[in-house]
There are 2 protein chains.
Amino acid sequence: MRWEELDQEPCSVARALAVVGDRWTLIILRDCFLGVRRFDQFESRLGITRHVLTDRLKKLVENGVLAKVPYQEKPLREEYRLTDKGRALHPVIMALVHWGNTYMADERGAPLVHIHKPCGHQMHPVTVCSHCREEVTARDVRIEAGPGWKTTQTSPSDRQSTNR
Amino acid sequence: MRWEELDQEPCSVARALAVVGDRWTLIILRDCFLGVRRFDQFESRLGITRHVLTDRLKKLVENGVLAKVPYQEKPLREEYRLTDKGRALHPVIMALVHWGNTYMADERGAPLVHIHKPCGHQMHPVTVCSHCREEVTARDVRIEAGPGWKTTQTSPSDRQSTNR
DNA sequence: ATAGATGAGTTCCAAAATAGAACCTAAGAA
DNA sequence: TTCTTAGGTTCTATTTTGGAACTCATCTAT
């Protein structure tokens, strides 16, 4: 399968990854959440080549994750800002930061910490059920085919009981 | 910067992505959470080439995300199972599924839905603060340098106010 | 007026990664 | 004896990256 065909897949992970799933895109988005907006800031912070950065930013704009907003004219200069769709990726980034902090930190501890402004405390993200508000673990969740699952292929519940 | 140097970065996202951030790895992990364990199952479900699948599985094992467990001898056959470290990526996958369901679904609706077994309801993941248990949005969170941040570079709070 | 500097790219080539197919090996089945 | 299965490895052709240099319009300093 070619990467570009991935967004045809009837799986939300595949579709999401078709947009954000390559080597650089999530790091670019991390920087967006840190307030970075301009081409040369991304370039100098990331150590990414200009060619690839151009391409990734363009794709993020095409997919509505970032928007190009002019911040001056003569000459026209534009910066990249998160859209609502882009900001909705924040839980993904937070979850990655937390996982990295937990499992990939060196002896000095976490390089980045999250502060929850409303309560003022250092925090890490906790995932809870939207219905009962109980904390969710991998074993508590069953994945089922939803309305958008193609009927021409095996449903996920046709397979073994999910996880473990 | 080469991809392999990324795990040296003092950023948990970068370190996390050094392990799970390439085109195929998160899709492999999605299948792990669906109960897939064997080489040929991954291959036929994913449309990935065997060469790349071998490489990704090996890296996931090296990084302690998956473990090779023999399920028969003569001939030796091994399957790949999530470790605790791997299962800890579940919030990342759930967040990606939810984002994909919300923003990338077609007119028929979500291809995958989550059921929270303890309460029995369809759910989506909600991220709350580990301290006050209030729901967290991107604007509620400030990112600060933690103990593991290298002092030789600019701290994230030296920059503009985070997000927005 | 001329010579940089800035911001945001584009172009070019070499190196690395990927897709697709064929081949390998050990054991068991027909 | 040949076929099938599980889990790879090897090969070549195509894509994607990395790295460096070039472009272009506008400011700024000399």
Side-chain angles (χ1 to χ4, degrees), chain A residues 1-9 14 17-28 31-32 35-62 66-81 159-160, chain B residues 1-9 14 17-28 31-32 35-62 66-81 159-160:
Chain A
M1 194 197 302
R2 325 299 298 283
W3 190 249
E4 299 304 324
E5 301 165 28
L6 212 55
D7 59 357
Q8 316 287 338
E9 284 284 288
L17 291 177
V19 178
V20 301
D22 84 289
R23 281 180 149 72
W24 286 111
T25 304
L26 280 167
I27 300 193
I28 292 171
D31 268 18
C32 293
V36 173
R37 291 177 185 164
R38 299 192 187 165
F39 191 91
D40 62 327
Q41 292 179 304
F42 288 113
E43 190 205 351
S44 59
R45 289 173 44 79
L46 264 36
I48 188 176
T49 59
R50 301 159 87 65
H51 185 22
V52 174
L53 179 57
T54 302
D55 182 69
R56 292 307 180 279
L57 290 172
K58 189 167 49 163
K59 281 183 180 155
L60 286 169
V61 170
E62 282 168 7
L66 298 179
K68 263 176 123 156
V69 180
Y71 65 90
Q72 72 169 42
E73 321 203 334
K74 298 172 69 54
L76 177 63
R77 295 274 183 263
E78 294 171 303
E79 60 185 16
Y80 296 87
R81 293 196 190 206
R159 258 165 277 115
Q160 301 290 46
Chain B
M1 192 199 304
R2 327 299 299 283
W3 189 246
E4 298 305 324
E5 301 165 28
L6 212 56
D7 57 358
Q8 316 287 338
E9 285 282 288
L17 291 178
V19 178
V20 300
D22 84 288
R23 281 179 149 71
W24 286 110
T25 303
L26 280 168
I27 300 193
I28 291 172
D31 267 18
C32 292
V36 173
R37 291 176 186 167
R38 298 192 188 165
F39 191 91
D40 62 328
Q41 291 179 306
F42 288 112
E43 191 206 349
S44 60
R45 286 174 47 80
L46 263 37
I48 188 176
T49 60
R50 301 159 85 67
H51 185 21
V52 174
L53 179 57
T54 302
D55 183 70
R56 292 307 178 279
L57 289 172
K58 188 166 52 166
K59 282 183 179 153
L60 286 169
V61 169
E62 281 168 10
L66 297 180
K68 263 178 122 155
V69 180
Y71 65 91
Q72 71 168 44
E73 320 202 336
K74 299 171 72 50
L76 179 62
R77 294 278 183 262
E78 293 171 302
E79 60 185 16
Y80 296 87
R81 292 196 190 203
R159 257 162 278 115
Q160 302 290 46

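Convention: sequence-line order gives letters A, B, ...; per-chain numbering from 1.
- For the pair A:Gln41 CD and C:dA8 C1', the computed distance is 13 Å after rounding to whole Å.
- Between B:Tyr80 and the phosphate of D:dG8, there is a side-chain N or O to OP1/OP2 separation shorter than 4.0 Å.
- When every heavy atom of B:Leu66 is checked against every heavy atom of B:Cys32, the shortest pair comes out as CD2-SG, 3.7 Å.
- A:Phe42 comes within 4.0 angstrom of nothing in the nucleic acid, heavy atoms only.
- Summarising the geometry, the separation between CH2 on B:Trp24 and C1' on C:dG20 is reported as 13 Å, rounded to the nearest angstrom.
- The separation between A:Asp22 atom CG and C:dA17 atom C1' is 13 Å, rounded to whole Å.
- The two residues A:Asp31 and A:Leu46 make their nearest non-hydrogen contact at OD2-CD1, 2.9 Å.
- For A:Asp40, taking side-chain heavy atoms from C-beta onward, the closest of the listed nucleotides C:dA8, D:dC11, D:dG7 is C:dA8.
- Atom CD1 of B:Ile28 and atom C1' of C:dT18 are 13 Å apart (whole Å).
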Taking N or O atoms only and anything under 3.5 Å, show me the protein contacts with nucleotides 22-30 of chain C, one pair per line.
{"residue": "C:dA27", "atom": "O3'", "partner": "B:Lys74", "partner atom": "O", "Å": "3.4"}

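- Evaluation of the salt bridge (charged side-chain N to carboxylate O under 4.0 Å, His left out) rule for A:Asp40 yields no partner, not counting sequence neighbours.
- In this model, the phosphate group of D:dA6 is not approached by any side-chain N or O of B:Lys68 to a distance below 4.0 Å at OP1 or OP2.
- In this structure, B:Leu46 places its CG atom 15 Å from P of D:dG7, rounding to the nearest Å.
- The shortest heavy-atom contact between A:Phe39 and A:Leu53 is O-CD2, 3.5 Å.
- Between C:dA16 and A:Arg23, no contact under 4.0 Å exists linking OP1 or OP2 to a side-chain N or O.
- For the pair A:Leu60 and A:Ile28, the tightest heavy-atom approach, listed with the atom from each and the gap, is CD1-CG2, 4.1 Å.
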Side-chain polar contacts of residues 69-77 of chain B - donor-acceptor pairs under 3.5 angstrom, sequence neighbours left out - could you list them?
{"residue": "B:Gln72", "atom": "NE2", "partner": "B:Pro75", "partner atom": "O", "Å": "3.1"}

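- Here the CG atom belonging to A:Leu26 is positioned 8.0 Å from the CG atom belonging to B:Leu26, to the nearest 0.5 angstrom.
- A search for salt bridge (charged side-chain N to carboxylate O under 4.0 Å, His left out) contacts involving A:Glu79 returns A:Arg37, A:Arg38, A:Arg81, not counting sequence neighbours.
- Rounding to whole angstrom units, CD1 of residue A:Ile48 and C1' of D:dT16 are separated by 13 Å.
- At a threshold of 4.0 angstrom between heavy atoms, the contacts of B:Glu43 with the nucleic acid are absent.
- The distance between atom CZ of B:Arg45 and atom P of D:dA6, rounded to the nearest whole Å, is 16 Å.
- Put simply, A:Tyr71 has a side-chain N or O that comes within less than 4.0 Å of OP1 or OP2 on C:dA8.
- Atom-to-atom distance recorded for B:Thr49:OG1 and B:Asp55:CG is 9.5 Å, nearest 0.5 angstrom.
- The rotation axes computed at either terminus of the helix from C:dA1-D:dT30 to C:dA30-D:dT1 lie 10° apart, taking five pairs at each end and rounding to 10 degrees.
- For the pair B:His51 NE2 and D:dT14 P, the interatomic distance rounds to 17 Å; values are reported in whole Å.
- Summarising the geometry, atom CG belonging to A:Leu57 is positioned 12.0 Å from atom CZ belonging to A:Arg50; distances are rounded to the nearest 0.5 Å.
- Contacts between residues 52-59 of chain B and DNA chain D, defined by a heavy-atom separation under 4.0 Å, are made by B:Thr54.
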